[in-house]
Each structure stands twice: as C-alpha cells, then as structure tokens.
Amino acid sequence: EDVGEHLPAGMKNIIAGKKLKFYVIDAVKIASELGLGSRINMIMMAAFFKLANVIDYADAERYMKEAVQKSYGKKGEKVVAMNNAAIDNAISNLKEVQYPECWATTTEGVPMNHVKGDAYTNDVISPILHQEGNKLPVSKFDPAGRVPTGTAKYEKRGIAVKVPHWIIENCIQCNQCSLVCPHAVIRPALIAAGEETPAGFETKPAIGKAFSGYQYRIQVSPLDCTGCGNCADVCPAKNKALVMEPLESQLDEQPKFDFVATRKQPDVALNTTTVKDSQFLQPLFEFSGACAGCGETPYVKLITQLFGDRMVIANATGCSSIYGGSAPTVPYTVNSKGHGPAWANSLFEDNAEFGFGMCLSINQRRNYVASALEKLVESEKSSEALKAACNDWLANKDSAEGSKKASQALRAAVADIPEGACELVDAVKQNDDMLVKKSIWILGGDGWAYDIGYGGLDHVLAMGEDVNILVMDTEVYSNTGGQSSKATPTGSVAKFAAAGKRTRKKDLGMMAMSYGYVYVASVAMGANQSQLLKAVNEAESYNGPSLIIAYSPCINHGINMGKSQAEAKKAVETGYWPLYRFNPTLADEGKNPFVLDSKAPTGNYGDFLAGETRYKTLTQEFPETAEHLFAKAEAEAKKRLETYQKLAEETIL
Ligand code: SF4
Ligand code: SF4
Ligand code: MG
C-alpha cells in the first residue's frame with residue numbers, strides 16, 4: 001500500500017501510463033531468513049525469469065538450479081540448499097502492486113534529483129548518476145581533464161540494510177570503530193562547552209587530559225554506510241557500544257552527521273601517532289565505492305587523515321584507482337581551508353615512475369623558490385623582516401609542520417610588495433603552492449607492485465628520493481577478477497593458479513630492505529593498530545624512499561567481509577603475515593634497523609587457511625595437492641619468520 005510513497009512521480013507516470021504490471025518483493029527479508037545475509041542475487045534472478053516470461057519458467061528454474069550447483073557446489077550442500085530455497089521463496093513472495101489510476105498524471109512523489117551540491121554536482125554529476133551523461137555538452141568538462149574533488153558525499157546511496165547504532169553508555173572512547181571503517185562513515189566528535197548542536201545530539205564528557213572540558217560523541221552517517229559491520233565487530237567495549245540496526249530506524253542520525261562533517265573540529269593538541277587522537281583528524285578520503293568491508297580503504301583513509309592536506313598521490317591502476325576516482329564522483333576531499341590530496345591515476349606498468357616524476361617536478365619548483373629566497377636574503381633591498389622570513393623558510397623547507405609555519409610568515413612578509421616591484425618576490429608568489437612541504441604517495445596493489453610495475457618500483461626505491469609507497473597487498477589481482485600475482489602465496493587458488501599456486505610469495509619487503517636506505521614496513525591494521533600508526537608516521541617522515549606493505553583482506557579471499565579486520569588479526573597470529581619495520585635512521589644511530597613487531601605465532605596455520613575459500617577450494621577439489629601445498633606454505637612461512645627473527649637479533653644489513 002505504501003509503495004507509492006517511495007517512488008518519484010515520473011516513475012509512477014510511466015508505470016500507470018503504460019499500464020505496466022508492477023510487482024515488489026522483500027528480497028532482503030527472504031535472504032536473511034534463509035541465512036544468505038544480504039545476498040539477494042538468486043532471489044532477484046528468479047523473480048526476473050518468472051515475470052519477464054522470456055523462457056518457460058519451469059525451464060528457467062531448472063537452469064538456475066543447475067547453475068547453483070555449478071557455482072556453489074564447492075561450498076557445500078548447505079549453501080546449495082539455501083540458494084535453491086531462495087529461488088522457491090522468491091516466487092511465493094512476489095506481490096503485485098495494485099496502483100491507483102491517478103499515478104498516470106500525478107506530480108507527487110519523492111524527488112528524483114536527490115543529488116544536490118555545487119554547480120559541477122548539479123550540472124555534471126547529477127545527470128550522469130541518472131544515466132543521462134550522454135546528453136552533457138563537451139563544454140561542461142575541463143579541457144585539462146581536471147575534476148573537482150569532494151563529491152562522493154553527494155551520492156548518499158543508502159545501500160546498507162543495517163547500520164551501526166551507538167550506545168553511548170557502553171562506549172570507552174577508543175575510536176577504533178572510526179579507524180577501521182572502510183568508508184569514513186563513523187566519526188568521533190569533540191564538542192566544546194556551549195557549542196550549539198542539533199536536536200538529540202547526545203554526548204558524554206570526553207576522556208583524557210587533552211580533552212578535558214570537551215564532550216564526546218560517535219556519529220554515524222547512515223546513508224553513506226555499507227553495512228559491513230566491521231566497526232561493531234572491532235568495538236572492544238565490554239558491552240558492545242555499537243549494534244547493527246535496520247537503516248530505516250537510524251535515518252534521524254543523518255542531519256547529526258551532516259553537522260559533524262561540516263563543522264570544524266575544535267583546535268585541541270593531538271598526538272597523531274596514537275590511534276585515538278588520529279581519528280579526531282578529518283578523513284580526506286570518504287564514501288568511496290569500494291566493497292563493503294574492504295581491507296584496502298582504511299589504510300588510504302588513515303593516511304589522508306594524517307597528511308592529506310599536503311598529499312600528492314600517484315595511483316596505479318587497480319581497485320584503488322577505481323574506488324579512488326570513478327566518474328562522476330571523487331571520494332578524495334578537502335578540509336575547511338580547501339586543502340586536500342591531489343590525485344591522478346596512471347597505468348599498471350609505470351605508476352612508480354609517474355609518482356617519481358611528480359616528486360622530481362616538485363623538487364625542481366621548490367629548489368627554484370629556495371634560490372629566489374637565497375637571493376632575497378643577499379639583496380640589499382630586502383628588509384630585515386623579509387630576510388628573517390626567507391631564512392626561516394629555508395631552514396624549515398623540508399619539515400612538514402615547520403614549512404607550514406614558515407610559509408605563513410613568508411606570505412605575510414611579501415603580502416604588501418606589489419606585483420612587478422621585485423621579480424624574486426613575484427617568483428615566490430607564483431609558486432605559492434610549493435611553499436608547504438609535499439607528502440608524495442605512490443599507491444597501488446600487489447598486481448602493480450610485485451608484478452607489472454615492479455621494474456619501475458625497484459628503480460624508484462633505488463633513486464633515494466623522498467617518496468612514500470603504499471602497497472595494498474590482497475595477494476591477487478583483485479580488480480581484474482582474481483588472477484594470481486607474485487604476491488599470491490603457495491597453495492592459494494586464483495585464476496592462472498586453479499590447482500593452487502605452486503611457488504612461494506615473493507618477499508618484496510626483503511628485496512627493498514637489501515638497499516639499506518629504504519624504509520620498509522609490513523603492517524596489518526586488524527592485527528596491530530599502533531604498529532600501523534608508528535609505521536605510517538615513520539615512513540612519511542623518513543627523508544628517503546619508504547615502502548609500506550599492507551595486508552588487505554578482499555572479497556577474492558572468500559571470507560566474511562564483516563570480519564575483515566578480525567581476519568587480518570588471525571593472519572598475523574598464525575604466522576601467515578609478519579609485522580615488522582626496517583628504519584634506516586636507526587642504523588645511523590648504531591642500532592639495529594630491523595624491528596620484528598609480531599609475536600611468535602599462537603594460532604594454527606592450517607586453521608587460517610581452512611577459513612578462506614581461496615584455500616578451502618583446493619582441499620575440496622584436490623585434497624592431496626592441498627595437503628602437500630599447505631604443508632609447503634606453512635614451512636615457507638616458518639622459514640621466513642625465522643629469517644626475520646634472526647634479523648631482529650643481529651644487525652645483518
Ligand atoms: Fe563503516 Fe562498515 Fe561500520 Fe558502516 S558498518 S560505519 S561502513 S565499518
Ligand atoms: Fe566507542 Fe566502540 Fe567506537 Fe571504541 S569502538 S569508540 S568503544 S563505539
Ligand atoms: Mg591485489
């Protein structure tokens with residue numbers, strides 16, 4: 001009866017105007033009752049064949065059930081039975097909507113054009129999202145190929161079935177939920193005394209000396225949430241402070257989130273090397289189209305929180321280029337000053353070089369500014385105040401925070417000098433975007449870093465420039481459909497390795513460490529959040545090439561993506577994935593540069609493999625091969641860990 005309340009007028013006009021037969025089905029309810037979670041594909045397919053009548057439904061049913069056997073047979077009889085039941089239940093739950101004739105001419109309905117924002121959003125993004133991109137004139141696009149950032153926030157897709165609900169009294173204010181959210185949907189807010197807040201905005205006194213006098217709240221954006229459940233899963237509060245509730249019941253939270261996202265967080269001194277404090281920083285990467293529970297995006301989001309206002313990103317092709325810059329919206333965004341990551345995507349095969357080129361061009365322009373300032377210092381015409389500002393910048397140009405302060409002072413010192421009065425000052429003003437030190441990041445997956453782009457990656461590491469490289473290791477070519485890469489471990493099933501990969505995973509970290517002057521870290525957010533924070537901060541501040549290899553659970557692994565953080569924890573606990581940091585500055589201080597951060601394995605290696613479809617499949621299809629390859633994989637992992645233990649004990653490199 002209430003279907004009409006959810007449809008736009010235009011859609012009602014078409015349905016009634018063409019006298020269409022109109023059906024609805026609560027596919028989510030059927031799927032969750034059958035234990036299929038949010039997987040509604042079989043239900044919708046059955047409904048389609050029943051109604052479309054393109055072939056006899058009895059035949060369609062037979063074909064679908066054969067396909068179920070083929071697709072899910074490997075996963076066991078229970079999964080097959082659930083999917084067959086989904087097909088049967090779909091048909092019995094189809095409901096025809098008896099709509100009134102007035103729908104043919106009605107002007108009432110939900111607004112079609114729900115994407116509203118600036119001119120670019122209204123004129124370009126909105127039509128594309130409504131499948132009308134073909135009608136856009138070329139003049140709407142920038143000839144240089146640039147697009148504005150910060151536009152994913154206008155989508156408000158509302159795709160989650162359930163979203164987290166915060167239970168204020170249970171929360172211990174650890175901010176872990178915010179750290180792990182792949183979509184930057186759940187955020188802590190600090191509220192100053194006397195600040196006006198929206199209705200129903202419950203808060204509690206913030207814990208911690210630095211936050212005394214402030215109120216605290218965790219705020220969710222229901223319409224941006226994907227419902228993955230990782231936040232609730234990691235919440236360490238004794239009585240969980242997050243529970244997943246139906247989306248409809250949480251819609252009142254949206255205006256509260258909009259308030260949190262658009263206000264400026266109070267200026268509290270933060271120690272951003274800690275998990276808790278880092279999460280009070282604004283994420284400059286939000287609401288991407290990555291899969292629910294994605295293991296890659298929480299890393300990208302964290303890095304933008306820490307360095308986003310001065311970040312330049314070269315992104316390899318792969319998942320990260322798709323969720324990072326899929327038209328028409330962009331998840332990278334800006335802070336209240338309009339500063340945020342500048343992003344561009346190159347190819348699989350040259351991304352490291354692409355980022356290296358950015359680095360060289362920035363160095364060139366900054367050196368140009370430096371030489372102009374040196375001349376200003378020498379010049380008799382310069383005032384003492386100007387000379388002091390120039391010297392201050394020259395002394396601080398390679399420090400992130402130092403260059404921010406010095407740039408402000410320099411801008412003030414040259415502000416009153418009119419254009420044309422001094423060509424050195426003009427040169428400084430023309431290169432204003434180069435005053436603050438840049439944070440250069442080269443991002444991509446294992447398909448890029450271990451395989452196709454490896455030659456370039458190795459070259460860039462060897463060049464010694466100050467670049468940061470993040471490899472989000474899913475151990476497979478995720479975006480192109482799960483082909484095996486050199487990061488795929490022994491025994492894992494992937495495309496081109498259907499009977500299990502025969503050779504071991506390449507040790508990219510070890511290869512990079514052999515240079516001696518490359519900072520290298522192996523991290524896994526789900527396993528050790530503080531180690532990750534340490535690694536990211538050390539890598540960024542290291543004045544040379546840095547490589548972070550980040551374990552990234554992925555839908556290709558065949559796991560419950562609502563527990564992707566927990567899965568990464570298991571990977572480390574069983575010795576499947578080691579955590580370490582290799583910091584060349586320690587060697588300069590006469591210390592061992594290598595620190596093994598993961599403890600001796602406690603969990604069972606075989607149990608970890610058995611919990612992921614990419615391995616389980618091999619046991620089901622080729623049990624003997626599986627036994628042999630898994631034993632080999634375990635032995636290899638053990639050997640690798642022993643090598644690391646030795647490295648940690650003595651300074652070999
Ligand atoms: Fe983020 Fe997933 Fe939690 Fe939604 S359910 S807030 S997407 S972690
Ligand atoms: Fe609060 Fe749980 Fe979030 Fe920690 S993870 S801040 S306890 S809701
Ligand atoms: Mg990958």
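Every number for a ligand or one of its atoms is a count from 1 in the order of the listing. As the structure is a computational prediction, the values presented were derived from the model and not from experiment.
- For C171, the nearest N, O or S atom to atom 1 (Fe) of ligand 2 falls under 2.8 Å.
- Among the atoms of Y477, none of the N, O or S atoms falls under 2.8 Å from the Mg ion (ligand 3).
- Between the Mg ion (ligand 3) and V476 there is an N/O/S contact shorter than 2.8 Å.
- Which parts of ligand 2 touch W166 is read off a 4.0 Å heavy-atom cut-off, strictly below it: atoms 8 (S).
- Side-chain polar atoms of Q219 and E253 form a donor-acceptor pair below 3.5 angstrom.
- Ligand-side atoms of ligand 2 in range of N175: 4 (Fe), 6 (S), range being under 4.0 angstrom from any heavy atom.
- The Mg ion (ligand 3) has no N, O or S atom of E475 inside 2.8 Å of it.
- Taking every heavy atom of Y216 and a limit of under 4.0 angstrom, the matching atoms of ligand 2 come to 6 (S).
- Listed by number with element, the atoms of ligand 1 under 4.0 angstrom from any heavy atom of C181 are 1 (Fe), 6 (S), 7 (S), 8 (S).
- Close to ligand 2: P236, with a non-hydrogen atom less than 4.0 angstrom away.
- Against a heavy-atom cut-off of under 4.0 Å, A241 is close to the following atoms of ligand 2: 2 (Fe), 8 (S).
- Under a 4.0 angstrom heavy-atom cut-off, V220 registers as lying outside contact with ligand 1.
- Per-residue contacts place M244 under 4.0 angstrom from the following atoms of ligand 1 (heavy atoms of the residue considered): 5 (S).
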